[in-house]
Amino acid sequence: IVPETFLENISSLPTLDKAIIRREGTNLLAMPRSRQDLTFCTTGGSTGEPLAFYMCGGCDPLHQKFLFEMMGYQPGDRILAMDGSLVPPEIRERGVYWIRKSAKQLPYGSFGLSSQYITPENIDRYFAFIQEFKPHFIRGYPSFIDMMSHYLLENDLHFDFHIKGVELTSESHSDRQLESI
């Protein structure tokens, strides 16, 4: 339970919007011990102009790990990133639209299934990969995950495994997408 005074205090804090962040840039930085601790980030820009900013390099992985643990992550659980990973042409020519991202699962997943190459003609390959990989968690673009959800629903397909959680990242989502996912 959150104390009422906390809610009152936090609501009185000024907020930052994209215009302020763009205008003020590095003036907003609380400098870490070393500049090497900073990571330059950009948003995907799917809802407009991408936003560029700096953040503490160690914060995002810790936040991602926290989110997965809230959803019940256990060591050994598989995380699939459904994102815009670039897959080399020589791999795509073999009908492979995913790449290994990391040997570690946390915090972002070990494989990236790419939204860049999906078509009505190859969407079944995407479904087959997910079915074979059997992720416990999916992390990715709402539009891409929604597209796969519609494919499953329209074709009355089912996974033979249980997905513990889905984390939507990088772009806005609609209520309709949430319902589908």
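- Between the Asn155 side chain and the Leu152 main chain, no donor and acceptor come within less than 3.5 Å of each other.
- Side-chain atoms of Arg78 and Ser110, non-hydrogen and from C-beta on, never get closer than 4.5 Å to each other.
- Applying the salt bridge (Lys or Arg N to Asp or Glu O under 4.0 Å) rule to pairs touching residues 81-92 yields Asp83-Lys101, sequence neighbours excluded.
- Here the closest non-hydrogen pair linking Gly165 and Met71 is CA-SD, 3.8 Å.
- Annotation: salt bridge (Lys or Arg N to Asp or Glu O under 4.0 Å) contacts involving residues 116-137, sequence neighbours excluded, comprise Lys134-Asp160.
- By the criterion of side-chain heavy atoms lying less than 4.5 angstrom apart, applied directly or through intervening Ile, Leu, Val, Met, Phe, Trp or Tyr residues, Phe127 is grouped together with Leu80 in one hydrophobic cluster.
- The cluster map of Ile, Leu, Val, Met, Phe, Trp and Tyr, joined by side-chain heavy atoms under 4.5 Å apart, puts Ile145 and Leu67 in different clusters.
- In this pair, Tyr97 and Tyr126 present their aromatic rings parallel. The plane angle is below 30°, not in the 30 to 60° band.
- By the side-chain hydrogen bond (donor to acceptor under 3.5 Å, both in side chains) test, His158 pairs with Asp156, sequence neighbours left out.
- Evaluation of the salt bridge (Lys or Arg N to Asp or Glu O under 4.0 Å) rule for Glu24 yields no partner, not counting sequence neighbours.
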Next on the checklist: I'd like to know whether Phe129 forms a ring-ring contact (aromatic ring centres under 6.0 Å, His included) with Trp98, so could you lay out the CA-CA distance, the side-chain angles of the two residues, the decisive distance to 0.1 Å, and finally the verdict.
Outcome noted: CA-CA 9 Å; Phe129 175 76; Trp98 49 89; 4.2 Å; yes
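- For Phe66, the CZ atom is loosely surrounded, since the number of other residues' heavy atoms within 6.0 Å does not exceed 12.
- No donor-acceptor distance shorter than 3.5 angstrom exists from the side chain of Lys164 to the backbone of His136, with no hydrogens or angles considered.
- Side-chain contact between Tyr108 and Ile79 is absent, with no heavy atoms from C-beta onward closer than 4.5 Å.
- Pro135 places a side-chain heavy atom less than 4.5 Å from the side chain of Ile130.
- By the neighbour-count criterion of 12 heavy atoms within 6.0 Å, atom CG of Asp175 is sparsely surrounded, having that number or fewer from other residues, nucleotides or ligands.
- Nearest heavy-atom pair across Ser114 and Val87 is CB-CG2, 4.1 Å.
- Residues Ser149 and Ile181 share a closest heavy-atom pair of OG-CA, 3.5 Å.
- Summarising the geometry of Ser85 relative to Gly112, their closest heavy-atom pair is OG-CA, 3.8 Å, with the distance given to 0.1 Å.
- Between Ser143 and Glu171, some side-chain heavy-atom pair lies under the 4.5 Å cut-off.
- No side-chain donor-acceptor contact under 3.5 Å links Tyr73 to the backbone of Phe137.
- Sorted by first and then second residue, the salt bridge (Lys or Arg N to Asp or Glu O under 4.0 Å) pairs involving residues 136-148 (not counting sequence neighbours) are Arg139-Glu167, Asp146-Arg176.
- Contact detail for Thr119 and Asn122: the closest heavy-atom pair is N-OD1, 2.7 Å.
- Looking only at side-chain heavy atoms (C-beta outward), Leu168 and Leu178 come within less than 4.5 Å of each other.
- The structure places CE of Met82 at 13.0 Å from OG of Ser170, a figure rounded to the nearest 0.5 Å.
- Gly84 and Ser115 get closest at one heavy-atom pair: CA-OG, 3.7 Å.
- Both Met147 and Tyr141 sit in one connected hydrophobic cluster of ILVMFWY residues. Membership requires side-chain heavy atoms under 4.5 Å apart, directly or through other members.
- A search for side-chain hydrogen bond (donor to acceptor under 3.5 Å, both in side chains) contacts involving Glu69 returns Lys65, not counting sequence neighbours.
- Proximity of Met148 to Ile118: side-chain heavy atoms (C-beta onward) are separated by under 4.5 Å at one or more points.
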